[in-house]
Amino acid sequence: MSLQRIKAWFRRYPLIISVCYLLFYVAAFHWLEENIVPKYIIQCKLDELIPFCEIFIIPYIFWFPYIGGTFLWFNKRGWEDYKKLCQMIFSGLTICLVIYYVFPTGLNLRLASQPHETGALYNLVVMLRAIDTPTNVCPSVHVMNTVMVFQAVCSLSNLKHRRLTIAVHFVIMVLICASTVMLDQYSIIDVVCGAMMSFVIHGLVYRVEWRTELSQRKGQRKGRAVNF
């Protein structure tokens, strides 16, 4: 089968790309979890000032259907938008796998379960920690992918109800990113690194000219100030 026919087939069945990559990523990440021992513990003093709040388990878990739903939504919008989303997120995840292998990181922030802690939310946190081990944490995939989705949404053309849609995704992004540290699942360092990776990869995939973008935004602000 020629390369052109393969591309045409994937364009006809675009969701297959996501399924194939998901299978690869889960297998690779599981191998890292089982075979790579953390050598570097990620932590800073700011982490100790962030309180634990089990209610943030809701946005943390919401990340899973949110990312999946985003792929379905972009698929409906057309091949070009879907392709860029795949390029951005899959590139980021692949780079993370390499980083986790070369620079294996771990976390000591998670507190042991306390007998006096009760409630459905806390039980969900306990279940999450049993599945999601404190390894391979920097950069945070939760943060990186969430910021990437927001950037991809902001980059869409002809977006219906643009301001409202972007505002909703912005709130979701903030809640999910906050949940990673409010549950002690990640260090603030992991969050910063995940966000930085998203900006770099988004700029490469969408070919963002940051200087031009910033100058345009400054011009828009000056124009608003003059009109005011």
Side-chain angles (χ1 to χ4, degrees), residues 1-29 58-97 139-180 191 193-217 219-221:
M1 184 179 292
S2 65
L3 181 60
Q4 292 300 325
R5 292 183 64 183
I6 293 175
K7 289 182 177 180
W9 188 85
F10 276 122
R11 290 190 65 170
R12 186 177 180 182
Y13 305 102
L15 291 177
I16 297 297
I17 300 174
S18 300
V19 174
C20 290
Y21 185 84
L22 177 63
L23 294 174
F24 159 76
Y25 179 80
V26 170
F29 189 82
I58 297 174
Y60 191 90
I61 294 178
F62 178 71
W63 177 84
F64 295 95
Y66 175 63
I67 297 298
T70 298
F71 275 92
L72 295 175
W73 182 44
F74 270 70
N75 178 47
K76 288 184 178 181
R77 286 191 55 87
W79 169 251
E80 288 302 320
D81 291 333
Y82 181 79
K83 179 180 69 174
K84 287 184 178 179
L85 179 71
C86 290
Q87 288 175 340
M88 184 165 57
I89 290 185
F90 296 165
S91 297
L93 290 176
T94 303
I95 293 172
C96 283
L97 290 174
S140 166
V141 168
H142 247 68
V143 171
M144 182 188 70
N145 284 353
T146 305
V147 177
M148 282 180 171
V149 167
F150 177 72
Q151 292 170 323
V153 171
C154 291
S155 300
L156 290 174
S157 58
N158 301 321
L159 182 61
K160 189 176 181 181
H161 307 301
R162 185 175 188 83
R163 290 187 177 181
L164 178 60
T165 302
I166 291 177
V168 170
H169 283 276
F170 177 77
V171 172
I172 293 173
M173 177 186 68
V174 171
L175 289 175
I176 292 177
C177 291
S179 72
T180 62
V191 172
C193 291
M196 289 175 61
M197 275 194 61
S198 67
F199 276 96
V200 172
I201 297 174
H202 172 257
L204 293 174
V205 172
Y206 284 82
R207 299 180 181 179
V208 177
E209 294 290 341
W210 293 111
R211 291 184 179 179
T212 304
E213 188 75 15
L214 290 174
S215 63
Q216 289 178 351
R217 289 181 181 274
Q220 291 174 356
R221 290 175 183 173

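- In this view, C96 and Y100, P139, V141, M144, M197 satisfy the side-chain contact (heavy atoms from CB on, under 4.5 Å) rule, not counting sequence neighbours.
- Minimum interatomic distance between P14 and N75 (heavy atoms only, all atoms of both residues): CG-OD1, 2.9 Å.
- Between M88 and A152, the shortest heavy-atom contact is CE-CB, 3.7 Å.
- Side-chain contact check for I89 versus F71: some heavy-atom pair is nearer than 4.5 Å.
- The salt bridge (charged side-chain N to carboxylate O under 4.0 Å, His left out) check on R77 picks up D81, with sequence neighbours excluded.
- Shown here are the side-chain hydrogen bond (donor to acceptor under 3.5 Å, both in side chains) partners of T180, two or more places apart in sequence or in another chain: there are none.
- Closest approach of L159 to V153, counting heavy atoms only: CD2-O, 3.8 Å.
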N/O donor-acceptor pairs under 3.5 Å from side chains in residues 18-25, not counting sequence neighbours:
from	atom 1	to	atom 2	distance (Å)
S18	OG	Y82	OH	2.5
Y21	OH	F90	O	3.2
Y21	OH	T94	N	3.1
Y21	OH	T94	OG1	2.7

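- The side-chain heavy atoms of Y206 and I201, taken from C-beta on, include no pair separated by under 4.5 Å.
- Taking the side chain as every heavy atom from C-beta outward, V205 and L85 never approach each other to under 4.5 Å.
- For residues 146-162, no pair satisfies salt bridge (Lys or Arg N to Asp or Glu O under 4.0 Å), with sequence neighbours left out.
- When the side-chain contact (heavy atoms from CB on, under 4.5 Å) test is applied to V168, the partners found at least two apart in sequence or on another chain are L164, I172.
- By the 4.5 Å heavy-atom criterion applied to side chains, Y66 and I176 are counted as neighbours.
- V143 approaches G194 most closely through the heavy-atom pair CG1-C, 4.2 Å.
- Rounding to the nearest 0.5 angstrom, the gap separating the CD atom in Q87 from the CD1 atom in I17 is 9.5 Å.
- For the pair F74 and K83, the minimum side-chain heavy-atom distance is 4.5 Å or more.
- Rounding to the nearest 0.5 angstrom, the gap separating the CD1 atom in I67 from the NE2 atom in H142 is 8.0 Å.
- Remark: the H202 side chain and the S155 side chain contain an N/O donor-acceptor pair separated by less than 3.5 Å.
- Taking the side chain as every heavy atom from C-beta outward, W79 and K84 never approach each other to under 4.5 Å.
- Using a 4.5 Å cut-off on side-chain heavy atoms (C-beta onward), W63 and N145 make contact.
- Contact record, F150 with I166: CE1-O, 3.5 Å, taken as the closest heavy-atom pair.
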